[in-house]
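Reminder, nothing fancy here: chain letters follow the sequence lines and each chain counts from 1. On a predicted model such as this, the values are computed, not experimentally measured, just so you know.
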Amino acid sequence: MNKLIDRSDALNYIKDGDTLLVGGFGLSGTPLTLLDELANSNIRDLTVVSNNLGEVGKGLGKLLVSGNLKKAVGSYFTTNRDAVEAWKEGKLEIELVPQGTLAEAIRCGGAGIGGFYTKTGIGTTLADGKEQKVFDGETYILEQAIKGDVSIIKALKADTLGNLIYDHTARNFNAVMATAGEIVIAEVDEIVEVGDLHPLEIVTPHVYVDHVVLNKYVKKGGVYVESI
Amino acid sequence: MLSQSERIKIAKRVAEELSEGQIVNLGVGIPTLIPDFLGDKKVFLQSENGLLGMGPTPDDENVNMDLISASKKPITMEKGASLFDSSDSFVMIRGGHIDVAVLGALQVDQYGEIANWAVPGKSILGVGGAIDLVAGAKRIIIACTLQAKDGKSKLVKKLTFPSSGTRRANILVTEHAVFKFTNTGTELIEILSDISMEKLKEITGVEFGCDNVKISSSKITK
């Protein structure tokens, strides 16, 4: 079994109006190749769940420019001026979620849990309209799980079964998003034979991964650049 | 604008608050200066994007933009460091496993309630992990200037900026003074600058108790 597909074929699994879970923290651990494919496609009205919206013109920032997005759900968008502008002009809906609530909502989505109670947000405007409940004398708010039609994530290496390992802090939201997408496509720098990844180092077991594409970018000086 | 020496003074004073072996999460701005002033004291820095055991900035040849801090700057790993995903990172933060969070603030009220993520009338498009840390860290230290750029006290009777949560800060360290928060209000515990008590009372937006104040200005400013 080999889960490797051409990067252009990845778009066959994504349709207008889908909710996409997109890995990354800033540009680290972001599936840059798959996002390029999306930015060059006619797929529209996507809801993207991701911690940020990349940077101006980079990563998810490209999808803002190319007009694929309807809504963004995440924790921090102010570092991309384009996102702030698009929101002001009414071209982009934004749902702001505390970073830990975002991670836990996706974890629940992947774990078959419908929602969870948390103390994060108590006493803030982000708790407005949310159900509250007291456990052991402390107030918690109800947050709903998040699932995606498709997760597009970035890992360092996959084996042909789809087991994944990650580069340092590039693991971020990728490992949890691998569990919460109906279809999961992992972009990787390298594909190795089954057995080449040691079971001790595998972070995402292959059960979660449907397809694997190769990253067209190469790392130089610690940063991904377009390969010549 | 706060001078670098005043920022360093705040960072040094916060460093005194940290104890050997603690798990500490540092927010952006002044808190990021703290590691330089820990001396021989070993603390473990947690970065919410998935690292416990954050080390200093690497030299240029060793930069990997997939080994970064929550401020998205390149970092290194200390011996004994571990890497994990975002959901595990917030298990640490929200589950009460972080000993101390050192955060900046826009306002703090007289009981220690914090406003540090949004400004009224401006678009609110970023929260990050700030309110998770407020809700979950065992101890919260606020490190910021006493006055905002417009000269208004950041220490206020009642927040006018959006709250970061009902959970309160333990202490506030500013360039002039250190304050402690209790159920009855604010207490001045230490003066760090050459400011007079009269002037401090004048520029501070709340009344504070000052029965047991340590004067450290000569020690700290030199």
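Residues A/Lys219 and B/Asp66 meet the side-chain proximity criterion, which asks for heavy atoms closer than 4.5 Å. Between B/Phe90 and A/Thr118, the closest side-chain pair of non-hydrogen atoms is not below 4.5 Å.
When the shell of 6.0 Å around NZ of B/Lys154 is examined, it contains more than 12 heavy atoms from other residues, nucleotides or ligands. Counting heavy-atom neighbours within 6.0 Å of A/Lys130 NZ, excluding the residue itself, gives a total above 12. The 12-atom threshold is not exceeded at NZ of B/Lys152, counting heavy atoms of other residues, nucleotides or ligands nearer than 6.0 Å. The environment of B/Lys42 atom NZ is dense: over 12 non-hydrogen atoms of other residues, nucleotides or ligands sit within 6.0 angstrom.
Looking only at distances, no side-chain donor or acceptor of A/Thr169 sits under 3.5 Å from a matching main-chain atom of B/Gly50. Although no hydrogens or angles enter the test, the distance criterion places a donor-acceptor pair under 3.5 Å between the side chain of B/Asp132 and the main chain of A/Gly100.
Taking B/Asp60, B/Val63, B/Leu51, B/Asn62 one by one and counting their heavy-atom pairs under 4.5 Å with chain A, the maximum is reached by B/Val63. Heavy-atom pairs under 4.5 Å with chain A peak, among B/Arg94, B/Arg167, B/Met77, B/Glu113, at B/Arg94. Between chain A and the options B/Ala115, B/Ala81, B/Gly129, B/Ser87, heavy-atom pairs under 4.5 Å are most frequent for B/Ser87.
Within the 4.5 angstrom heavy-atom criterion, atoms from both the backbone and the side chain of A/Ile122 approach chain B. With a 4.5 Å cut-off on non-hydrogen atoms, A/Tyr166 does not touch chain B at all.
Using modelled atom types, one finds no donor on one side chain facing an acceptor on the other under 3.5 Å when comparing A/Asn172 with B/Ser86.
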